[in-house]
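Comments concern the structure below.
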Protein chains: 4
Amino acid sequence: MPRTKEQYEQIRSKTKNKIRSAGLQLFSHKGLNGTSIQEIATSAGISTGLMYRHYKSKEDLFNDLVNTAIHAGKALESLLNSDDCPSAILKQLSDGLMHEMNKSDESAQYLVLITHSLMLGDLEQEMVESYNSVLFDQMTNLIRRGQSRGDLKPGDPYQMTLLFFSTLQGLAMMKLSLIDRFVCPSSEMLTAYLIKES
Amino acid sequence: MPRTKEQYEQIRSKTKNKIRSAGLQLFSHKGLNGTSIQEIATSAGISTGLMYRHYKSKEDLFNDLVNTAIHAGKALESLLNSDDCPSAILKQLSDGLMHEMNKSDESAQYLVLITHSLMLGDLEQEMVESYNSVLFDQMTNLIRRGQSRGDLKPGDPYQMTLLFFSTLQGLAMMKLSLIDRFVCPSSEMLTAYLIKES
Amino acid sequence: MPRTKEQYEQIRSKTKNKIRSAGLQLFSHKGLNGTSIQEIATSAGISTGLMYRHYKSKEDLFNDLVNTAIHAGKALESLLNSDDCPSAILKQLSDGLMHEMNKSDESAQYLVLITHSLMLGDLEQEMVESYNSVLFDQMTNLIRRGQSRGDLKPGDPYQMTLLFFSTLQGLAMMKLSLIDRFVCPSSEMLTAYLIKES
Amino acid sequence: MPRTKEQYEQIRSKTKNKIRSAGLQLFSHKGLNGTSIQEIATSAGISTGLMYRHYKSKEDLFNDLVNTAIHAGKALESLLNSDDCPSAILKQLSDGLMHEMNKSDESAQYLVLITHSLMLGDLEQEMVESYNSVLFDQMTNLIRRGQSRGDLKPGDPYQMTLLFFSTLQGLAMMKLSLIDRFVCPSSEMLTAYLIKES
DNA sequence: TATGAATGAGTTTTCATTCAT
DNA sequence: CATGAATGAAAACTCATTCAT
């Protein structure tokens, strides 16, 4: 009695998730080159051969994960582009991010993955463009808008954007390396240089 | 007629510096595993064999560089432990760090190297201890002192310490990956959540 | 559909035997350092990479073979420790050994392997202890017992033991280096200094 | 004030002896491939470069030492070819050899060197011919002569020759590997299968 | 779908040899 | 004569990928 299409699909999907999970965990800590297919397969509880039925290469898996990270980042766009008061948006943003960060390692792992990808420099330059140009521009614009409204503190908006994302990346790495010695800062600390105190 | 001991020492030292320089540059960008000995040797303008007359393995070079980074970090200790007013110390610290960061890539590279080492997790756990326990403790104590003097803003001192070092690491990585699109934040932004505005 | 555990086990075992065979042959002639992994792999009809799925290093294979040799040597213990008449035991022993020696190269190769290992000196000192202390002691005791029974010729028993094993090692090497110009001595010659003529 | 020719000659000779000594010691234990030029130089207390002013390659040194060993072996020829009574010659031979063996490690080292050379198989086949054909033949003839005189025990003369040289090689190796746990057998034991007891 | 044996190209590492001083 | 830095080719070892089952 052969399985139905759906059953196969479900098995595939389950396996793929295990691979992605293992890959995310390992890549975020040890990078693309520091992680072997064998490690990923073992960690995912499958054979190396099976890996190649889901991804045509190690880099393919890596890129898939980086893309997921990028897409998650893009989810922030709608928030950044909303017409609400900038300080409220930023508050909501940092609240949300710190909440994510507290919840599980996953968000931090994705963030660190982006870092790895950026530092490698060569491959997938499109993502860098997406990530930077789009997200950075939107954030910079938001800050500029907030400043002209008198909502936000003065200072170079691009500098502020850079500081914000740098801090985020830095926190993600700290979380992964310090493990349980890590504590998330309050979102107020995170935005102290941005939002005026009331 | 052989050269004198001093001449040999000088030759060795010159070569070693070229290796360290190339290693720092490459490791900080591509990590331990992403960098090949061949790349380092080529970048240093020497043969691969010569590498091994200075370091017994690739990891040995990596660890040497990480140790240098740690020791540089320890140079901050005297500043953190001075009896001056905490807010002044922190101001001086962030001024100094941002100045370093602006001057050249080297500081950022060393910082990122530490990150790589921390993320790898396994080797050289002593450094983690040095780096964390000592530096973090001193910073935390400084903040605590500043708060009780009414000098600094309220908030969990350990959280603040973590945020500070996270930001630093994050900025270093951004600097290396964004290259000339990177701009350093002002030291006021860096310490906005710490130092009371006057 | 993957193979069964047993099928895999059989494949592994077959390959391992080919490696061991090639290793024994080459190591016994050219020593640990004189033999390259490439040679072993070629001689075994496999790729170099496959070697490392069975042994984690060249030395690992070498030690495995030496251990086999040692264990084979230990098989003599029961004979040496039997309560039979010492002269009969020694006769049986040298008959057996010369027969082994005549049959194939393998015994000689294992013996020479032990020599190589002993001469290297450093690694696997336990074997030396096993091999020497245990086997030598038992042989010495046997000779002592035979002498007090008036069964064997007089002379320092330890000296006799050493001579016996030295001769064995020497014959093994001669067999391997002279190839078909080698002829085994009769077991009477081998024990002439031990067993009284009747 | 430049040195005289003789002084230079003396220095050269002294250095060469140190090299030969170190080489003999190391090669006999670890073989040609197991010994590095660096080790030899260090052990001889000189630089690697100086090695090459005396020998054009590592093999050159090895062969030089093997040749010395061969020539020393040839010194036995006159003894083997003398017209004396074969049993007396053999007695004198084994007495002499055991005395050499007791005196220092050098003889044993040269003997083991020959073994290494023989086992390598390829290079310097001439020596094998010299060593075997000549020495073995002479020994075999001597034994044959002794047997026909009724001087020596019966048995295949070639077998006896082989046993004699095998034992010698084996003892040399034992001496080098057992170090101070080694004791030389009496020359009577060594020739028990050859010489009739009186 | 799933397995792990097998490959081979690439990486790390070693070391005999050269050479400027 | 003497040194040890430097090279480069060869050896040891790793690992992404393929493939028969």
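Lettering of chains follows the sequences in order, A, B, ..., and the numbering in each one begins at 1.
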With respect to the side chain of [X], which nucleotide from [options] is positioned closest?
X: C:R53; options: F:dT7, E:dA6, F:dT21; result: E:dA6
X: D:L50; options: F:dT21, F:dC1, E:dT3; result: F:dC1
X: B:Y8; options: F:dA2, E:dA5, F:dA5; result: F:dA5

Less than 3.5 Å apart, any donor N or O on the side chain of B:T15 or B:R53 sitting next to an acceptor on the other?
no
If you measure only the distance, is there a donor-acceptor pair under 3.5 Å linking the side chains of A:Q38 and A:T42?
yes
Identify, with sequence neighbours excluded, every residue that meets salt bridge (charged side-chain N to carboxylate O under 4.0 Å, His left out) alongside C:D60.
none
Atom [atom1] of [X] to atom [atom2] of [N]: distance rounded to whole Å?
X: D:K14; N: F:dA2; atom1: NZ; atom2: P; answer: 11 Å
X: B:Q10; N: F:dT3; atom1: CD; atom2: C1'; answer: 17 Å
X: B:I19; N: E:dT12; atom1: CD1; atom2: C1'; answer: 15 Å
X: B:E9; N: F:dG4; atom1: CD; atom2: P; answer: 11 Å
X: A:E39; N: F:dC15; atom1: CD; atom2: P; answer: 8 Å
X: A:L61; N: F:dT17; atom1: CG; atom2: P; answer: 11 Å
X: B:I46; N: F:dA5; atom1: CD1; atom2: P; answer: 13 Å
X: D:L26; N: E:dC15; atom1: CG; atom2: P; answer: 13 Å

Nucleotide-level pairing of DNA chain E, given in dot-bracket where Watson-Crick and G-U pairs need both distances under 3.5 Å and | marks other strands:
.||||||||||||||||||||
Quick one: list whatever passes side chain to side chain donor-acceptor pair (under 3.5 Å) with B:Y55, sequence neighbours left out.
B:D64
Qualifying salt bridge (charged side-chain N to carboxylate O under 4.0 Å, His left out) pairs, either residue in residues 109-119 of chain C, two or more places apart
none
With a non-hydrogen cut-off below 4.0 angstrom, is D:R12 in contact with a base, only sugar-phosphate, or nothing?
sugar-phosphate
Heavy-atom side-chain contact between B:M119 and A:L176 under 4.5 Å
yes
Per the ring pair (Phe, Tyr, Trp, His ring centres under 6.0 Å) rule, what does the pair list look like for residues 9-51 of chain D, sequence neighbours excluded?
D:F27-D:F62
Between the protein and nucleotides 11-14 of chain F, which nitrogen or oxygen pairs are less than 3.5 angstrom apart?
residue, atom, partner, partner atom, Å
F:dA12, OP1, C:K58, NZ, 2.8
F:dA12, OP2, C:I37, N, 2.9
F:dC13, OP2, C:Y52, OH, 3.1
F:dC13, OP2, C:K58, N, 3.1

Any sub-3.5 Å donor-acceptor pair from D:S13's side-chain atoms to D:E9's backbone N or O?
no
Backbone N or O of D:S36 within a donor-acceptor pair of the D:K58 side chain at under 3.5 Å?
no
Residue met sooner reading DNA chain E from 5', once B:P2 and C:M51 are mapped to nucleotides
C:M51
Is B:T15 close enough to F:dA5 that one of its side-chain N or O atoms is under 4.0 Å from OP1 or OP2 there?
no
